[in-house]
There are 2 protein chains.
Amino acid sequence: MAEFLRLDGVQADAAARALPSEPVLEELASLYKLFGDGTRLRILTLLSEGEFCVCDLARLLGATDSAVSHQLRVLKQGKLIRSRREGKVIVYALADDHVRLLLQNGLEHVNE
Amino acid sequence: MAEFLRLDGVQADAAARALPSEPVLEELASLYKLFGDGTRLRILTLLSEGEFCVCDLARLLGATDSAVSHQLRVLKQGKLIRSRREGKVIVYALADDHVRLLLQNGLEHVNE
DNA sequence: CAAACACTTGAACAACCGTGCAAGTATTGT
DNA sequence: ACAATACTTGCACGGTTGTTCAAGTGTTTG
């Protein structure tokens with residue numbers, strides 16, 4: 001086993017055990033990555049207030065339909081939002097309240 | 001003012017008000033971006049268990065000193081960690097318990 | 001002082017990301 | 001059926017990101 005500078009074997013084992021499994025870690029990184037973009041963050045914040053169709057989101061953000069649609073796809077693949085058709089329009093909403101919570105947690109940190 | 005499809009003026013105003021200010025939003029995105037990388041996430045997880053020098057972190061992660069050092073710099077600029085010299089070695093630690101909390105929140109979401 | 005060790009830094013590179021554009025699909029209204 | 005509207009998709013482009021490598025700084029030890 002490798003040698004450590006400030007750690008004995010027991011501490012090293014404890015540290016290694018603290019790391020989540022590879023797949024969990026990768027999933028966690030992917031989750032945070034979704035929140036790590038201004039446009040996606042804006043979309044999620046709006047959706048935490050209610051449901052919106054693509055073009056209303058785009059107008060509220062001053063972005064193109066295309067840009068918004070691209071990001072909605074990413075967010076949906078990440079299971080952070082869901083969508084349903086309503087006539088001509090497609091309505092997006094947060095997938096669950098957990099997402100709202102994560103958003104709040106981050107905001108609290110920023111306004112420490 | 002722009003027209004909306006599913007929103008009246010009142011709803012649109014309420015939605016717009018839900019968006020944090022530009023600088024807050026950008027800071028929030030930057031914060032999440034820091035958590036959105038496997039290596040940084042591993043480092044933060046380890047640091048949530050105690051203090052580590054660069055080379056012990058590198059050994060625990062199976063990464064090069066350089067790669068770890070680069071990421072430590074990013075994390076430090078983001079005020080998520082702090083460091084102090086201790087002889088030949090530089091010891092890193094979480095900046096505050098808030099960081100630990102954010103990490104836990106994310107993990108809870110992944111293990112819904 | 002010189003060698004060894006711990007760490008940092010800058011440049012270079014490939015990989016990834018967000019957006020705009022143009023063309024596509026789906027639904028509604030005439 | 002046709003036009004209009006709402007949205008999606010693939011591609012191309014510029015910009016960012018994470019890593020490696022090599023050279024650097026700072027500290028301790030012989």
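Quick note on labels: first sequence line is chain A, next is B, and so on, each numbered from 1.
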Under-4.0 Å salt bridge between B/Glu22 and A/Arg42: yes
Spacing between A/Ile43 atom CD1 and D/dC7 atom C1', to the nearest angstrom: 14 Å
When rounded to the nearest 0.5 angstrom, what is the spacing between CZ in B/Arg84 and OH in B/Tyr92? 12.0 Å
Using a cut-off of under 3.5 Å, enumerate the N/O to N/O pairs linking the protein to nucleotides 27-30 of chain D.
none

For D/dT20, does OP1 or OP2 lie under 4.0 Å from any side-chain N or O of B/Ser66? no
Backbone of B/Leu34 reached by a side-chain donor or acceptor of B/Arg40 within 3.5 Å: yes
So do the side chains of A/Val54 and A/Val89 get within less than 4.5 Å of each other, counting heavy atoms only? no
Quick one: is A/Gln71 getting a side-chain N or O under 4.0 Å of the C/dC17 phosphate, OP1 or OP2? no
Give one of base, sugar-phosphate or nothing for A/Leu72, where a contact means two heavy atoms less than 4.0 Å apart. nothing
Judged by each residue's nearest nucleotide on DNA chain C, which is more toward the 5′ side, B/Ile90 or A/His70? B/Ile90
Residue pair B/Phe35 / A/Leu28, side-chain heavy-atom distance below 4.5 Å: no
B/Thr64 side chain near D/dC21 phosphate (N/O to OP1/OP2, under 4.0 Å): no
Can you tell me how far the CD atom of B/Glu51 sits from the OG atom of B/Ser83, to the nearest 0.5 Å? 10.5 Å
Does B/Tyr92 put a side-chain nitrogen or oxygen below 4.0 Å from OP1 or OP2 of C/dA6? no
Any N/O pairs under 3.5 Å between the protein and nucleotides 14-17 of chain D? List them or say none.
none

Compare the minimum distances between each of C/dC21, C/dT8, D/dC7 and the side chain of A/Asp65, then state the nucleotide with the smallest one. D/dC7
